[in-house]
Amino acid sequence: QPQLVESGGGLVQAGGSLRLSCAASGTIFRIEDMAWYRQAPGKQQRELVARSTSIGSTVYADSVKGRFTISRDNSKNTVYLQMNSLQPEDTADYYCNADISTFRGYKARGFWGQGTQVTVSS
């Protein structure tokens, strides 16, 4: 079963930057979309922050457009999220998500990482 491991979270002041990484490992045949979600403190829902397709197209939430950049290194099965001009509203647990097929002919399924905490102070 594939595993996703995030890293790079931490505590920063408003205006600062962080770079999150998520590496997929394990039984992987093909990775399609990779994305970053976040869940703010006290909220039950996770919101999509950014998504990257297997061919390199990207989409962003309006709230992060122009500040965050998603990228990926397919040779390393890794997706990144460069976060600049961080604001207190960005404080959340950030989760990596990937659509992965484990064997040829198998339908891709969604897998989640354990999350990494980002706290932005004012």
Side-chain angles (χ1 to χ4, degrees):
Q1 188 176 33
Q3 299 179 86
L4 301 176
V5 179
E6 301 105 331
S7 62
L11 173 64
V12 298
Q13 293 186 339
S17 299
L18 284 174
R19 188 188 190 220
L20 306 183
S21 299
C22 172
S25 62
T27 304
I28 299 172
F29 177 74
R30 183 174 180 83
I31 301 178
E32 298 295 337
D33 290 4
M34 301 189 80
W36 289 96
Y37 290 74
R38 67 185 181 187
Q39 186 169 359
K43 291 189 176 180
Q44 199 164 358
Q45 295 183 3
R46 295 181 184 180
E47 65 170 337
L48 176 67
V49 177
R51 180 181 298 278
S52 173
T53 72
S54 61
I55 59 173
S57 63
T58 58
V59 295
Y60 295 93
D62 288 340
S63 59
V64 307
K65 199 170 300 181
R67 299 188 297 120
F68 291 9
T69 302
I70 189 170
S71 61
R72 63 196 289 175
D73 185 339
N74 291 324
S75 68
K76 297 180 179 180
N77 292 329
T78 300
V79 64
Y80 306 93
L81 185 67
Q82 178 66 47
M83 304 184 294
N84 297 327
S85 301
L86 284 163
Q87 304 169 10
E89 305 85 72
D90 297 316
T91 295
D93 290 329
Y94 284 72
Y95 296 88
C96 177
N97 176 266
D99 294 325
I100 302 172
S101 61
T102 54
F103 294 96
R104 181 183 178 90
Y106 281 39
K107 182 181 295 184
R109 298 163 49 205
F111 293 88
W112 292 94
Q114 292 297 310
T116 184
Q117 189 173 61
V118 172
T119 302
V120 184
S121 64
S122 59

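Values in this document were obtained by computation on a predicted structure and should not be read as measured data.
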Which pair of non-hydrogen atoms, one from Ala14 and one from Pro88, has the smallest distance, and what is that distance?
CB-CD, 4.2 Å
Closest heavy-atom contact between Gln39 and Gln45?
CG-O, 3.5 Å
Could you check if a side-chain atom of [X] sits within less than 4.5 angstrom of a side-chain atom of [Y], using non-hydrogen atoms only?
X: Thr69; Y: Tyr80; value: no
X: Asp90; Y: Arg67; value: yes
X: Ser63; Y: Arg38; value: yes

How far does [atom1] of [X] sit from [atom2] of [Y], to the nearest 0.5 angstrom?
X: Ser52; Y: Asn74; atom1: OG; atom2: CG; value: 7.5 Å
X: Gln13; Y: Ser122; atom1: CD; atom2: OG; value: 9.0 Å
X: Gln87; Y: Ser121; atom1: CD; atom2: OG; value: 13.0 Å
X: Asp93; Y: Thr119; atom1: CG; atom2: OG1; value: 8.0 Å

Can you establish whether the number of heavy atoms outside Glu47 located under 6.0 Å from its atom CD is more than 12?
yes
When clusters are formed from ILVMFWY side-chain contacts under 4.5 Å, directly or step by step, what else is grouped with Ile100?
Leu4, Val12, Leu18, Leu20, Ile28, Ile31, Met34, Trp36, Val49, Tyr60, Val64, Phe68, Ile70, Val79, Leu81, Met83, Leu86, Tyr94, Phe111, Val118, Val120
Please answer whether the main-chain N or O of Gln114 pairs with a side-chain N or O of Glu6 as donor and acceptor at a distance below 3.5 Å.
yes
Counting only N and O atoms by type, is there a donor-acceptor contact under 3.5 Å from the side chain of Arg72 to the main-chain atoms of Thr53?
yes
Hits for ring pair (Phe, Tyr, Trp, His ring centres under 6.0 Å) against Tyr37, two or more places apart or cross-chain, chain-then-number order -> Trp112
Can you tell me which residue pairs pass the salt bridge (Lys or Arg N to Asp or Glu O under 4.0 Å) test with a partner in residues 99-108, sequence neighbours excluded?
none
